[in-house]
Amino acid sequence: MATTVDFIEYVCGQIAGTGIVRHRKMFGEYMVYVNDKPLLLVCDNTVFVKILPCLDKLMSGAEKGHPYDGAKEHYVLDMDNIELSRDVIAELLPVTPLPKPRRKSAF
């Protein structure tokens, strides 16, 4: 089951105010960017966060799962918990690099 538009809009609404929030459809699912940094992966109406040392304390009791076949294990973020969601974003922003710009084709 693919992520619904209503759910991705809900996710973005929950973290509004943490920076410039946008989403992009990728392979039928979504990546959520804050200040142009890819922070949240949304698959099958579930929000996944990369397992990083800076999140160990915040996400210690969180469920874990795989966003898609072949993916590494991620934390599952409860978007109904606005405070936790915003705290996770605040921890991720300083340690997540901006994506590298794509090289233009020579053709």
Side-chain angles (χ1 to χ4, degrees):
M1 176 180 99
T3 299
T4 63
V5 173
D6 288 339
F7 186 75
I8 195 67
E9 288 176 357
Y10 170 73
V11 169
C12 291
Q14 292 293 85
I15 59 172
T18 58
I20 299 168
V21 179
R22 68 181 177 89
H23 62 275
R24 183 173 178 196
K25 194 165 190 168
M26 300 175 70
F27 310 111
E29 296 297 347
Y30 291 89
M31 179 62 74
V32 176
Y33 296 81
V34 178
N35 296 340
D36 291 325
K37 296 180 177 188
L39 300 184
L40 307 175
L41 181 59
V42 184
C43 300
D44 296 327
N45 286 346
T46 304
V47 180
F48 294 94
V49 180
K50 190 173 183 178
I51 296 176
L52 295 171
C54 66
L55 297 177
D56 286 348
K57 188 175 178 183
L58 274 176
M59 301 294 286
S60 62
E63 182 182 342
K64 294 178 183 176
H66 299 273
Y68 53 88
D69 290 337
K72 291 182 180 179
E73 191 172 55
H74 285 62
Y75 289 121
V76 175
L77 182 59
D78 177 11
M79 292 308 297
D80 293 332
N81 186 339
I82 296 174
E83 186 176 332
L84 175 63
S85 300
R86 291 172 182 233
D87 288 346
V88 166
I89 298 298
E91 288 293 324
L92 289 174
L93 278 172
V95 298
T96 304
L98 288 168
K100 294 180 182 177
R102 290 183 172 197
R103 293 176 56 177
K104 294 187 179 186
S105 175
F107 298 102

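Computation of the quantities below employed the complete heavy-atom set of this structure, encompassing side-chain atoms and omitting hydrogens, waters and symmetry-equivalent molecules.
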(message) Treating Thr96 as the side-chain partner and Leu93 as the backbone partner, does any N or O pair qualify as donor plus acceptor under 3.5 Å?
(response) no

(request) I would like to know whether Met59 and Ile51 meet side-chain contact (heavy atoms from CB on, under 4.5 Å); could you show each step before the answer? (result) CA-CA 9 Å; Met59 301 294 286; Ile51 296 176; over 6 Å; no

(request) Would you kindly say whether Tyr10 and Asn45 are connected by a side-chain donor-acceptor distance under 3.5 Å? (result) no

(message) Looking at Ile20, I'd like to know if its CD1 atom is crowded, meaning that more than 12 non-hydrogen atoms belonging to other residues, nucleotides or ligands lie closer than 6.0 Å.
(response) no

(message) In this structure, would Ile15 and Val88 fall into the same cluster of hydrophobic residues linked by side-chain contacts under 4.5 Å?
(response) yes

(request) Might you point out which heavy atoms bring Gly19 and Val34 nearest each other, and give the distance in Å? (result) CA-CG1, 4.0 Å

(request) Give a yes-or-no answer on whether the side chains of Ser85 and Gln14 include a donor-acceptor pair shorter than 3.5 Å. (result) no

(request) Could you go through the side-chain contact (heavy atoms from CB on, under 4.5 Å) check for Phe7 and Val42 one step at a time? (result) CA-CA 9 Å; Phe7 186 75; Val42 184; 3.7 Å; yes

(message) Return the CZ to OH distance between Arg22 and Tyr30, rounded to the nearest 0.5 Å.
(response) 14.0 Å

(request) Can you spot which of Asn35, Val21, Leu39 makes a side chain to side chain contact (heavy atoms under 4.5 Å, CB included) with Ile89? (result) Leu39

(message) So does Ala16 get a backbone contact from the side chain of Arg86, meaning a donor-acceptor N/O pair under 3.5 Å?
(response) yes

(request) Would you check, one step at a time, whether the test side-chain contact (heavy atoms from CB on, under 4.5 Å) holds for Asp78 with Val47? (result) CA-CA 7 Å; Asp78 177 11; Val47 180; over 6 Å; no

(request) Walk me through it: do Val32 and Ile8 pass the test side-chain contact (heavy atoms from CB on, under 4.5 Å)? (result) CA-CA 8 Å; Val32 176; Ile8 195 67; 3.7 Å; yes

(message) Nearest 0.5 Å, please: how far is CG in Asp87 from CG in Leu77?
(response) 10.5 Å

(message) Measuring from atom NZ of Lys64 to atom CZ of Phe48, what distance do you get when rounded to the nearest 0.5 angstrom?
(response) 13.5 Å

(request) State whether the number of non-hydrogen atoms from other residues, nucleotides or ligands found under 6.0 Å of Lys37 atom NZ is greater than 12. (result) yes

(request) Check the hydrophobic clustering (I, L, V, M, F, W, Y; side-chain heavy atoms under 4.5 Å; chains of links allowed) and say if Val76 and Leu58 are grouped together. (result) no

(message) I'd like to know whether CD of Glu73 has more than 12 heavy-atom contacts from other residues, nucleotides or ligands below 6.0 angstrom.
(response) yes

(request) Measure the CG-CG distance between Leu84 and Leu55 for me, rounded to the nearest 0.5 Å. (result) 9.0 Å

(request) Over all heavy atoms of both residues, which pair between Ala2 and Gly28 is shortest? Give the atoms and the distance, please. (result) CB-O, 3.9 Å

(message) How close do Pro97 and Pro38 get, counting heavy atoms only, and between which atoms?
(response) O-CD, 4.1 Å

(request) Search all heavy atoms of Asp56 against all heavy atoms of Leu52 and return the closest pair with its distance. (result) OD1-O, 3.4 Å

(request) Enter the distance from Lys57:NZ to Glu91:CD here, rounded to the nearest 0.5 Å. (result) 9.5 Å

(message) Please report the interatomic distance OH(Tyr33) to CZ(Arg24), rounded to the nearest 0.5 Å.
(response) 5.0 Å

(request) Could you note down all residue pairs passing ring-ring contact (aromatic ring centres under 6.0 Å, His included) where residues 56-76 supplies at least one of them, sequence neighbours left out? (result) none

(request) Please report the closest heavy-atom contact between Pro67 and Cys43, naming both atoms and the distance. (result) O-CB, 3.5 Å

